[in-house]
*Asks:* 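The structure's right below; bear with me while I get my questions together.
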Amino acid sequence: MEINENNFERLGNYLQQTLNPDPEVRRPAERFIESIEVSQNYPLLCLHLIDRPQADMTIRVAAAIAFKNLVKRNWGFHLDNDGPNKVSESDRSGIKSLIVPMMLKSPAAIQKQLSDAVSIIGKYDFPTKWPELMDEMIEKFATGDFHIINGSQELWEEIKYVLDKMAKPLTDLLQATLGLAEAHAGNKEALQVIYNSLVLVCKVFYSLNSQDLPEFFEDNMETWMKAFHGLLTVDVQCLKTDDDEDAGVLEHLRSQICENLCMYALKYDEEFGPYMPQFVTAVWELLVNTRIHTKYDSLVSNALRFLSTVADRSHYRHLFEDPNVLASICEKVIIPNMDFRVSDEELFEDNPEEYIRRDIEGSDVETRRRAACDLVKSLLQKFEAKIVEIFGQYLQVLLAKYAENPTNNWKAKDTAIYLVTSMASKGQTQKLGVTQTSELVPLPQFTQQQIIPELERADVNQLPVLKADALKFIMTFRTILGPQIIVATMPLVAKHLGAASVVVHTYAACTIDKILTMRGPDKLPIVTKEILSPLSAELIAGLFAAITVQGSNENEYIMKCIMRVLNTLQEASLPFMIVVLPRLTDILSTVAKNPSKPYFNHYLFETLSLSVKLVCKADPNAVSSFEEALFPVFQGILQQDVLEFMPYVFQMLSLFLEIREGKSNIPETYLALFPCLLTPALWERPGNVTPLIRLLCAFVRQASAQISADDKLNGVLGVFQKMIASKNNDHEGFYLLQNLLLYYPPEELGRSMRQIFSLLFQRLSSSKTTKFVRSFIVFLCLYSARVGPQALIQMIESIQAQMFGMVLERVLIPDTNKVSGELEQKIVSVGITKLLCECPEMLAEPYVLYWPKLLQTVVQIFELPPDESAIEGDNFIEIEDVPGYQAAYSQLNFAQSKPVDPLQDVGNVRQYLVQNIGNLAQSNAGKVGTLIAALPADHQEALQKYCAQSGIQIA
């Protein structure tokens, strides 16, 4: 791909189309961009387009995003996947020479994308393949151009470990910048740039100190702490803004300094100790003098976190133990920052999704309320009785104020509920809510007097914030309040599904979901289908009504609750399916046009899968009705190449086929789909691999005759070859091979088996990993168990004479005990038992030498835990462990397949072993006994135990 005007224009047009909301226009453009991204010169074409000032900014940003995505997908592909190098060496060199200067001078929107790309490249190439990067950055620092320095933040965070080069230049830069601030005092434009630079210097300081306290910073702590204290207390009038919403540079700087102080107080307590009192005073004064506007939220949050961190330390107890100090903290810092502000109310009404995200999803780490709550908890650890007494007085005042005029003073009760939640909560988990509370806070009494009455009001739309508070309170303290109160509140919670407020009906759905997952001491659900059934009609109607409300059309909490209700009801949900299924299908048709909410989509497919299972459990033939309803939607998803939904569709198609298995013939619609599943492009996407393999295996089990008749075995084996070549996916290849071995016509498969074994041995010798060896051993043993042990030896010997001895010596004997999993261990023990007892070659030279060792490995499978050690030289990282990796495949819990035991005729594997050895001993008198005598004493004792348990005697 040449770098010329024609290609600039062509690429720009396609990038413009990727921004089109119409999927008919957008998706072909996205596919084209993805198809050319591995072409030589394409990355450089992108970079030059990004750098063209005459190009439209939206196109330049789109090119930057496309460039970042190609780097993310392809730069380390050959290292992570043991595959081809998708970026040519000339492109790699060109990118590294262009990207840093371009990043540093680009507008912010482009800079962010290029910075991400540099970070990814740095992970793979810095420092060994990109040694000039550090010198280039130091050179930029030395220019004193603050616009350039500001462009370096992300990059500095990536290379923070280069402390020997960074610590002194950064300290020098801090002092130089402070000098510039003094020199330009009163010059607003200059100070804006200088203070932005100070923000970034402070962020880099945080990065460089976050792992450990570097010696240089410890030696120069006085310089930094003096600077931090001055910047916290200095009053720069010209940098103050009139904007109440967005933080200015002063707020950003002070917030970052508070975060730095918090880190030092938490991690470097001893070294930071002498500076602690002056910063406690400075932060305290900052909090008292900071107003309630939204722009100060991050600053106040970090300042409160600093005080919480200090209060947590026993040796700073003296700073807080004066009752007057505690009372002052409660009155002037905590209570004001717990109040429900106008901005909170606007968020509740205008952006409920963000409100919910902050309030119940735990993303409120930077909110004033959360920080104030954390400070309360820190103080409670040291001064519980005193804090509860002080807040108890405020609580009575707040509730009395509410009682005077509920309509106008509802915010007082909102603060009261939040205060009680803060005081009462001591221990909490995501699964159970609060599990440990303060004995000084009477929760059941508060619930009955203040929470239940809010839920009992006839009008579910009256005082919606208090409704949401009450529902959240029930949700939070569900474990503490106990089954009796919780079950009694279910009807009250259910009626709030009809609330007009998105927050209220979302909290109602979330509360029901949490309650339905609760279990008693007997580990059984506290809400059974018998308890839920009387409410089922109201619940299902309410949930589907709520999902039609504007703002809740793709509400993940509602869809999750629908799933939970159906799962709790089980067969009691069947009468409602005539309403539920068409609604779910309509929703799927709608969201498939433009998927945007991953969690909602996941729960939608979970609910569909659950519905299929529930209905087909009662009537397996009903699967055809589901196919009739869903196939048109699925075909649309596959034809439109809706990437997000394809793994889900493959899982559901597998589920349909597995329900049909053994009950009906595979329909023609599936057979028509089969050739498409072998398309190479589908297998390039990691998220497709696992569900596609499962679907292929379902075809192999049920349609092997048709696959053979259509001459598609080579296509299936091509997939197997691709899987085996990948360290990430080799286990999927073995799963496919296992199904072929069990279900495909053996005569036709046999013609390819020598080539299959050759591929496996090539992979074993070229890039052996622990996972591959485990899977290989299981396959060898399954082959021995199903095809025959002699056939296994003959197959391996046909590749190379005496090769089976090497397999015994280098694979089976040393590594069999690495196999884990009950089914896998059963396959291995049966396969080796057959080798030992049904294979004359094992009792003759040269293999008879391995007979006792092989028997020893079987006994060890039964008696010892699996060997978890890695094979020497195996440095393979599972893809889920790679930082930043986002798996595109999400397993549907309700569409999972049941593991199939290929050796169902074998029950007790220990008995199977000694029975076969006993039969072998009868036909080989004396020889077997001699071989067993070569086993270590404890292994012989284990065999004798199996014999005694099975009533068998080995002659």
*Asks:* Any heavy-atom pair between the side chains of M559 and Y599 that's under 4.5 Å?
*Replies:*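 SC-SC contact between Y599 and M559 ruled out.
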*Asks:* Would you mind listing every side-chain hydrogen bond (donor to acceptor under 3.5 Å, both in side chains) that reaches into residues 499-511, with sequence neighbours excluded?
*Replies:*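 Every side-chain hydrogen bond (donor to acceptor under 3.5 Å, both in side chains) pair that includes a residue of residues 499-511, provided the two are not neighbours, is D359-Y507, H505-S552, T506-N555.
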*Asks:* Quick one: do E345 and R341 make a salt bridge, cutoff under 4.0 Å?
*Replies:*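 No salt bridge links E345 with R341.
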*Asks:* Any side-chain heavy atom of L307 within less than 4.5 Å of one from L287?
*Replies:*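 Result yes, sub-4.5 Å side-chain heavy-atom pair found.
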*Asks:* Does the pair D235/K240 count as a salt bridge with the N-to-O cut at 4.0 Å?
*Replies:*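 Salt bridge between D235 and K240, a charged N being under 4.0 Å from a carboxylate O: yes.
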*Asks:* If we ignore hydrogens and angles and just use 3.5 Å, is the side chain of S210 paired with the main-chain N or O of S207 as donor and acceptor?
*Replies:*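 A pair under 3.5 Å: yes.
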*Asks:* Is the closest side-chain donor-acceptor distance between Q256 and N260 under 3.5 Å?
*Replies:*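 There is such a pair between these side chains.
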*Asks:* About how many Å separate OG1 of T479 and CE of M518, when rounded to the nearest 0.5 Å?
*Replies:*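 Those atoms lie 5.0 Å apart.
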*Asks:* Given the side-chain rings of F205 and W224, with only the six-membered ring counted for Trp, is the space between their centroids under 6.0 Å?
*Replies:*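 When the ring centroids of F205 and W224 are compared, they turn out to be within the sub-6.0 Å range.
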*Asks:* side-chain contact (heavy atoms from CB on, under 4.5 Å) between I515 and M475: does it pass, once the steps are laid out?
*Replies:* CA-CA 8 Å; I515 290 172; M475 192 193 324; over 6 Å; no
*Asks:* Test F473 against F446 for ring-ring contact (aromatic ring centres under 6.0 Å, His included), laying out the working first.
*Replies:* CA-CA 10 Å; F473 192 91; F446 186 81; 5.7 Å; yes
*Asks:* Quiz question: by atom type and distance under 3.5 Å, do the side chains of R564 and N567 form a donor-acceptor pair?
*Replies:*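 Side chains of R564 and N567: no pair found under 3.5 Å.
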*Asks:* Just by distance, do the side chain of R369 and the backbone of Y418 share a donor-acceptor pair under 3.5 Å?
*Replies:*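 Pair absent, no side-chain N/O of R369 close to backbone of Y418.
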*Asks:* Report yes if the distance between the aromatic ring centroids of Y264 and Y268 is under 6.0 Å, otherwise no.
*Replies:*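 Under 6.0 Å, so yes.
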*Asks:* Would you kindly say whether K472 and T421 are connected by a side-chain donor-acceptor distance under 3.5 Å?
*Replies:*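 Judged by distance alone, the side chains do not pair up.
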*Asks:* Taking K413 for the side chain and Q450 for the main chain, is one N or O donor matched with an acceptor at less than 3.5 Å?
*Replies:*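 Yes, because the side chain of K413 sits within donor-acceptor range (under 3.5 Å) of the backbone of Q450.
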*Asks:* Quick one about D374 and S308 (side-chain donor to acceptor, distance below 3.5 Å, no hydrogens or angles considered), yes or no?
*Replies:*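 No, because no side-chain N or O of S308 sits under 3.5 Å from a partner of the opposite role on D374.
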*Asks:* More than 12 non-hydrogen atoms from neighbouring residues, nucleotides or ligands closer than 6.0 Å to CD1 on I292, yes or no?
*Replies:*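 Atom CD1 in I292 is not crowded, with 12 or fewer foreign heavy atoms closer than 6.0 Å.
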*Asks:* Using residues 387-395 as the side-chain source, report each donor-acceptor pair under 3.5 Å to any protein atom, sequence neighbours left out, with the distance given to one decimal.
*Replies:*
none

*Asks:* Under 3.5 Å, is there a donor on one side chain and an acceptor on the other for T415 and D339?
*Replies:*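 Yes, D339 and T415 have a side-chain donor paired with an acceptor closer than 3.5 Å.
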*Asks:* Report yes if some heavy atom in the side chain of Y557 is under 4.5 Å from a heavy atom in the side chain of Y603; otherwise report no.
*Replies:*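 Counting from C-beta outward, Y557 and Y603 never come under 4.5 Å.
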*Asks:* Can you check whether L261 reaches N302 side chain to side chain, under 4.5 Å on heavy atoms?
*Replies:*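 Not touching, per the 4.5 Å side-chain cut-off.
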*Asks:* Applying side-chain contact (heavy atoms from CB on, under 4.5 Å) to Y316 and D269, what does each step give before you reach the verdict?
*Replies:* CA-CA 11 Å; Y316 296 119; D269 188 21; 3.1 Å; yes
*Asks:* Is it true that E404 and K401 have a side-chain N and a carboxylate O under 4.0 angstrom from each other?
*Replies:*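 Result for this pair is no, no salt bridge flagged.
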*Asks:* Is a side-chain N or O of N553 found less than 3.5 angstrom from the main chain of I547, in a donor-acceptor match?
*Replies:*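 Yes, the answer is positive, given that a donor and an acceptor are paired below the 3.5 Å cut-off.
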*Asks:* Would you confirm whether K382, through its side chain, and D312, through its main-chain N or O, come within 3.5 Å as a donor-acceptor pair?
*Replies:*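 Between the backbone of D312 and the side chain of K382 there is a qualifying donor-acceptor contact (under 3.5 Å).
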*Asks:* Counting C-beta onward and ignoring hydrogens, is there a side-chain heavy-atom pair between W284 and N289 closer than 4.5 Å?
*Replies:*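 Not touching, per the 4.5 Å side-chain cut-off.
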*Asks:* State whether K203 and E259 are salt-bridged, where the test is any N-O pair (Lys NZ or Arg NE/NH1/NH2 against Asp/Glu carboxylate O) under 4.0 Å.
*Replies:*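 The answer is no: the pair does not qualify as a salt bridge.
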*Asks:* Just wondering, do T447 and T489 contact through their side chains at under 4.5 Å, heavy atoms?
*Replies:*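 T489 vs T447: side chains apart.
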*Asks:* Can you spot which of L443, I474, I485 makes a side chain to side chain contact (heavy atoms under 4.5 Å, CB included) with I451?
*Replies:*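 Only one of L443, I474, I485 forms a side chain to side chain contact (heavy atoms under 4.5 Å, CB included) with I451, namely I474.
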*Asks:* Assess, by modelled atom type and distance only, whether the side chains of S298 and S255 contain a donor and an acceptor separated by less than 3.5 Å.
*Replies:*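 Distance-only check passes for S298 and S255.
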*Asks:* Over all heavy atoms of both residues, which pair between E606 and N893 is shortest? Give the atoms and the distance, please.
*Replies:*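 Taking E606 first and N893 second, the nearest heavy atoms are OE2-N, 2.7 Å.
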*Asks:* Report the C-alpha distance between V565 and I562 in whole Å, list the side-chain angles of each, state the deciding distance to 0.1 Å, and finish with yes or no for side-chain contact (heavy atoms from CB on, under 4.5 Å).
*Replies:* CA-CA 5 Å; V565 168; I562 293 171; 5.9 Å; no
*Asks:* Measure the spacing between CG of L232 and SG of C258 and express it to the nearest 0.5 Å.
*Replies:*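 Here the rounded value is 5.0 Å.
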*Asks:* Assess whether side-chain contact (heavy atoms from CB on, under 4.5 Å) is satisfied between F272 and M225, documenting all intermediate values.
*Replies:* CA-CA 9 Å; F272 183 57; M225 294 308 134; 3.6 Å; yes
*Asks:* Taking the side chain as every heavy atom from C-beta outward, state whether L239 and Q192 have any atom pair closer than 4.5 Å.
*Replies:*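 The answer is yes; the side chains approach within 4.5 Å.
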*Asks:* Does A372 offer a backbone N or O that forms a donor-acceptor pair with the side chain of N337 under 3.5 Å?
*Replies:*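 No, N337 side chain to A372 backbone: no donor-acceptor pair under 3.5 Å.
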*Asks:* Are I512 and L497 side-chain neighbours, meaning at least one heavy-atom pair lies under 4.5 Å?
*Replies:*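 In contact.
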*Asks:* Tell me whether K467 contacts the main-chain N or O of Q462 through its side chain, where contact means a donor paired with an acceptor under 3.5 Å.
*Replies:*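 The answer is yes, because a donor-acceptor pair under 3.5 Å joins these two groups.
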*Asks:* May I ask you to check whether N351 and E353 show a side-chain donor-acceptor distance below 3.5 Å?
*Replies:*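 No - no donor-acceptor pair under 3.5 Å links their side chains.
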*Asks:* Closer than 3.5 angstrom, by distance alone: can the side chain of N220 be matched with the main-chain N or O of T223 as a donor-acceptor pair?
*Replies:*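 Absent.
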*Asks:* Salt bridge between R457 and E454, side-chain N to carboxylate O under 4.0 Å?
*Replies:*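 Here R457 pairs with E454 in a salt bridge, since their nearest N and O are under 4.0 Å apart.
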*Asks:* In plain terms, say whether R368 and D297 are close enough for a salt bridge, that is, a side-chain N and a carboxylate O under 4.0 Å apart.
*Replies:*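 Answer for the salt bridge query: yes.
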